[in-house]
Amino acid sequence: RFSDPQTLLLVLWSQPYRNPRNRGVTCFCSLHKPIMAFLAGIKGGVDLKATDVNDRSAANLENATPDVLDNEHERWEYFFNSGCRTWFDLIKDHTFTSTFCTLDPSEARVIVEHWEARRRLIAAASSRGEESEPSAELDALLTRTLESLGPLKQRLDAAVAEETAKSSEGKAFVKLSTRSPKDSKKALARAKASYHSRLAALDHEADDNERWVMLSEEVTKSSAIANGDEALELLLDSDRVYEDLEYALRGPPAPSEPSTTGGAAEGATDAAASSSGGSAVACQGAVAQGAVAHPPGGEVTLSWNMELVARAWDPRLTPESEYRGIAWNGELSCLCQYFHPLYFPGMRDRSEEVQRDIMAVYNSPEVKNAVARLGGHCIIDFAWLGPGEVIVIELNPFDGVCLGTFPASTGLFLWDEPADKLVMMGEAPFEFRMRDAPLEAASLRVQCNQDWRAIVHPSPTQQDQAA
């Protein structure tokens, strides 16, 4: 029981947030000043108004699971064995060209430790009452980290050069074998500058949907890089990269008892063996690359399967060209636009053509085999580049429990909506969803990424900071 709202919120503020994939703790120290200002404002009481608007850019807490799931060991293996290396060779004729770059565990640890040290520096500056981040200290930390990653930078330079030579713009995109650094604040800062330049050059007043579309286009372009230095800059500036590497280095909890029913990873092994004609032993060996061995001495040996991937940049990949599908039991059960809050005026009339072209690529033997490699269940992203031209962007894990089930991942379908779930599981007819009109400004604002909101609709405080 708490006597006033300040006490209650201070207690809540002190509780760590746990990411469902990372199982790690995010420091909230940098929020000290805005929270204290907020507490002062509500000390005299507040009036609350009910609303039926849901913020779909946030995690779906109704799907939240315990901090360590009962089958976390299998989920860890499934997540890391669904990476780019698992499916790339099967669909290389249907996806972007790619060059893989080794990432040693020691180098991954340097990246993780850099992110944690960065957090500590920012938290310390906030506790001293400083308004801005300690740029000099952060720059010195980055310089030291880049020096220690010299060999990785050289390998990245070579991988990126392979792919920039294949790009019409001489650019590449770099990601982990799992996820990309698309949340990089440095990339977003570049996108913000380009967005404001475009906005200022318009000869008309842009409505909300047009503004969000423009920003999404600039965010997409901001991830294009030209060399290893630029790639490392984004990788070292990404919470997503930190989460995946920290999770990979820590490894899964040891299974409490041998599995007798088989999990997602085992299912993927069986499916890959049957669909590709390879031996089960060979497929099991591939899965075991991500396992944690427990030798008789009790020491844990982590077998490493994380890599970096450089992919040729194609400027035709725009937000309106991207589509997200759900595969369940090997079949494409539904499809929707990837940037689900936005309305793209020119695409609605082409929906039948888009669906036909995407289905043709999905039903190719190569893509079906890649989906089977992930156990028959996955999220699969496509780029429709024009009539008859579809590129598979990537495949991601979807386990129907935790991985891939958040609203931000499922787009215009909701896993916790019974009718949508039937569609996604292939128990109702296939559906292809696209927006046929712009969202109202208020709905659009709450459904889009909160960092983007600060650019399109900055608060008075954020406007003052920008000035």
Side-chain angles (χ1 to χ4, degrees), residues 5-43 58-59 67 105-150 152-153 179 181-190 192 229-230 232-250 449-455 458-467:
Q6 283 184 298
T7 304
L8 170 62
L9 283 174
L10 282 171
V11 171
L12 292 175
W13 174 41
S14 69
Q15 304 306 305
Y17 164 76
R18 292 190 178 274
N19 180 285
R21 176 182 287 110
N22 177 25
R23 320 293 177 198
V25 176
T26 298
C27 174
F28 283 169
C29 298
S30 61
L31 299 180
H32 181 268
K33 287 203 167 191
I35 285 181
M36 294 308 295
F38 170 69
L39 293 175
I42 68 171
K43 189 173 183 179
D67 189 50
S106 60
E107 293 166 334
R109 192 167 300 283
V110 169
I111 295 173
V112 166
E113 290 174 351
H114 166 268
W115 189 254
E116 292 172 345
R118 185 176 182 275
R119 280 178 173 170
R120 289 193 295 271
L121 288 173
I122 294 172
S126 178
S127 68
R128 294 192 298 268
E130 297 177 12
E131 294 284 349
S132 58
E133 294 183 352
S135 56
E137 293 174 272
L138 293 175
D139 288 346
L141 172 65
L142 178 61
T143 298
R144 293 193 301 272
T145 302
L146 290 173
E147 289 175 353
S148 66
L149 293 174
L152 175 59
K153 185 261 183 187
R179 294 194 293 170
K182 68 179 184 180
D183 61 326
S184 164
K185 293 293 191 291
K186 292 181 179 178
L188 185 61
R190 292 197 290 268
K192 177 181 178 180
D229 282 326
E230 293 179 6
L232 278 175
E233 178 185 54
L234 298 188
L235 294 167
L236 289 166
D237 188 47
S238 168
D239 200 21
R240 287 157 54 91
V241 169
Y242 164 77
E243 288 174 359
D244 287 4
L245 292 182
E246 192 275 339
Y247 191 31
L249 286 167
R250 188 153 34 90
N449 180 291
Q450 62 181 354
D451 290 330
W452 295 19
R453 284 178 222 156
I455 298 173
S459 67
T461 301
Q462 291 165 337
Q463 289 176 330
D464 292 341
Q465 291 173 343

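Since the structure is predicted, the reported quantities are computational estimates derived from the model, not experimental observations.
With rounding to the nearest 0.5 Å, the separation of CG in Asp244 from CG in Leu249 is 11.0 Å. Atoms OG and CZ, from Ser238 and Arg179 in turn, are 7.5 Å apart once rounded to the nearest 0.5 Å. Residue Ser132 holds its OG atom at 10.5 Å from CD1 of Ile122, rounded to the nearest 0.5 Å.
Ala454 and Pro458 make their closest contact through O-CB, 3.2 Å (heavy atoms, listed as atom of the first residue, atom of the second, distance). Between Lys153 and Leu232, the shortest heavy-atom distance links the atoms CB-CD1, 3.7 Å. When all heavy atoms are compared, the tightest approach of Ser184 to Ala187 is OG-N, 3.2 Å.
In this structure the side chain of Leu188 reaches within 4.5 angstrom of the side chain of Ile455, judged on heavy atoms. By the 4.5 Å heavy-atom criterion applied to side chains, Tyr242 and Glu116 are counted as neighbours. Within the 4.5 Å cutoff, the side chain of Leu149 has heavy atoms near those of the Ile111 side chain.
With sequence neighbours excluded, no residue satisfies salt bridge (Lys or Arg N to Asp or Glu O under 4.0 Å) with Arg109. Among residues two or more places apart in sequence or in another chain, the salt bridge (Lys or Arg N to Asp or Glu O under 4.0 Å) test is passed with Asp237 by Arg118. Checked against side-chain hydrogen bond (donor to acceptor under 3.5 Å, both in side chains), Trp115 has the following partners two or more places apart in sequence or in another chain: Asp239. The salt bridge (Lys or Arg N to Asp or Glu O under 4.0 Å) test applied to Glu107 returns Arg155, not counting sequence neighbours. Legend: residues meeting salt bridge (Lys or Arg N to Asp or Glu O under 4.0 Å) with Lys186, ordered by chain and number and at least two apart, are absent.
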Show the atom names and distances, to 0.1 Å, of all donor-acceptor pairs under 3.5 Å that link a side chain in residues 134-147 to residues at least two apart or in another chain.
unit_1, atom_1, unit_2, atom_2, d
Thr143, OG1, Asp139, O, 3.0
Thr145, OG1, Leu141, O, 2.9

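Taking a cutoff of 4.0 Å between a charged side-chain nitrogen and a carboxylate oxygen, Glu230 and Arg190 do not qualify as a salt bridge.
Under the 3.5 Å distance criterion, the side-chain polar atoms of Ser126 are left unmatched by any main-chain donor or acceptor of Ala123.
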